[in-house]
There are 2 protein chains.
Amino acid sequence: MTRTDEKVRYSPEGKGSAYTPVTAAEGVEQAFRILEGRWKLLILFHLFGGKLLRFSELERAIPAISQKMLIQQLRQMEGDGVVRRIVHHQVPPRVEYGLTDWGQALCPALDALLTWAALRENGPDTVT
Amino acid sequence: MTRTDEKVRYSPEGKGSAYTPVTAAEGVEQAFRILEGRWKLLILFHLFGGKLLRFSELERAIPAISQKMLIQQLRQMEGDGVVRRIVHHQVPPRVEYGLTDWGQALCPALDALLTWAALRENGPDTVT
DNA sequence: CGGCATCCCCCGTGATACTG
DNA sequence: CAGTATCACGGGGGATGCCG
């Protein structure tokens, strides 16, 4: 590494957005807070692609999850604006869950992480 | 903004990289496992850009962290191949920490998450 | 300087039972 | 069908003190 003396805030595009290590970490942690949770990613990937799934369909798609955890994770993501809840007032009750636009926008970001994780195996360690 | 409302699914129908909701979630969770931890992101962002920092420098950079947590998070990331530990055998002891190439490769992925998180405020929610 | 060991607490998670 | 409520547990994380 040649020059590291510059005040590089790791900024990729050198645009107006200047991140310090602290603010950048906080931003990512904010994202992590939303995604953290034993089942959230699993739920998310079941909902990607604009799919709408009923509560019971999600239960079947994720057999190991309990009703409590399913509703808890869904509620949290709904509160965070990632998941949207569509209630059909009828008997028997019909509730569907899907992603918001912002939730859909997670796809490329998670894909980047997926790609990164895959590098571990593919990449020949240049780890000095 | 990029259009994510179309066929941006991770393509289960596609060829080559066929992720199911389960495998994709597992992949991202694998990445999350590595990044999860109260201080890891903060440490990471202090190390981005090929910077090498001593233990005591990291302590000063992150005042709120305890020695136990600092070494714990560093060790875990070292074990995961994200952080590399450089020991200079001398008196007094001198130990520096930096990122592996794989660790550096996290930058764009985390940037994607950062960008996504920023969308929440900037983007006028068309959350239907 | 750069750790390691111990105790303690909190909260996320799981199991189970009940309800509109 | 789609939840709600309660109890219990384990581990991640904080504070503190000691070692090479």
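In what follows, chains are A, B, ... by sequence order, proteins preceding strands, each numbered from 1. The structure displayed is predicted, hence computed values, not measured ones.
- Atom CD of A:Q90 and atom P of D:dC1 are 13 Å apart (whole Å).
- When distances run from any side-chain atom of A:R54 to the nucleotides D:dG3, D:dC1, C:dG2, the shortest one goes to D:dC1.
- At least one donor-acceptor pair closer than 3.5 Å links the side chain of A:T115 to the backbone N or O of A:D111.
- Considering only side-chain N and O atoms, B:R85 lies under 4.0 angstrom from the phosphate OP1 or OP2 of C:dG3.
- The separation between B:I71 atom CD1 and C:dA5 atom P is 12 Å, rounded to whole Å.
- Note: CG (A:L41) to C1' (C:dT13) measures 16 Å, nearest angstrom.
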CA sep, side-chain torsions, deciding dist, call: B:E57, B:E96, side chain to side chain contact (heavy atoms under 4.5 Å, CB included): CA-CA 9 Å; B:E57 288 177 320; B:E96 290 180 318; 5.5 Å; no
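- Each of B:Q73, B:Q76, B:Q72 was scored for a side chain to side chain donor-acceptor pair (under 3.5 Å) with B:K40, with one residue passing: B:Q76.
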Quick one, give me the B/S/- string for nucleotides 11-20 of chain D, reading 5' to 3', where B means a protein heavy atom under 4.0 Å from the base and S means that only happens at the primed atoms, P, OP1 or OP2. --BBB----B
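- Considering all non-hydrogen atoms of both residues, B:H46 and B:L58 come closest at CB-CD2, 4.4 Å.
- Nearest to the side chain of B:V95, among D:dT4, D:dC1, C:dG3, sits C:dG3.
- The separation between A:E59 atom CD and C:dA15 atom C1' is 15 Å, rounded to whole Å.
- Between the side chain of B:W102 and the backbone N or O of A:W116 there is at least one donor-acceptor pair closer than 3.5 Å.
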A:L106 vs B:L113, side chain to side chain contact (heavy atoms under 4.5 Å, CB included): CA-CA, chis, key distance, verdict: CA-CA 8 Å; A:L106 252 176; B:L113 273 177; 4.1 Å; yes
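- Across the protein-nucleic acid pair, A:L70 atom CG and D:dG3 atom P stand 8 Å apart, rounded to whole Å.
- Atom CD1 in A:I86 sits about 17 Å away from atom C1' in D:dG3, given to the nearest Å.
- With the end axes of the helix from C:dC1-D:dG20 to C:dG20-D:dC1 each set by five pairs, the angle from one to the other reads 50° at 10° resolution.
- The CD-P distance, from B:E96 to C:dC1, rounds to 15 Å in whole Å.
- B:R38 contributes no side-chain N or O that, together with a main-chain N or O of B:I65, makes up a donor-acceptor pair within less than 3.5 Å.
- Between B:Y97 atom OH and C:dC1 atom C1' the separation is 11 Å, expressed in whole Å.
- Under 4.0 angstrom from either OP1 or OP2 of C:dC4 there lies at least one side-chain N or O belonging to B:R75.
- Of the possible polar contacts, none joining the B:Q104 side chain to the B:D101 backbone as a donor-acceptor pair under 3.5 Å is found.
- Under a 3.5 Å cut-off, the side chain of A:T100 and the backbone N or O of A:V82 do form a donor-acceptor pair.
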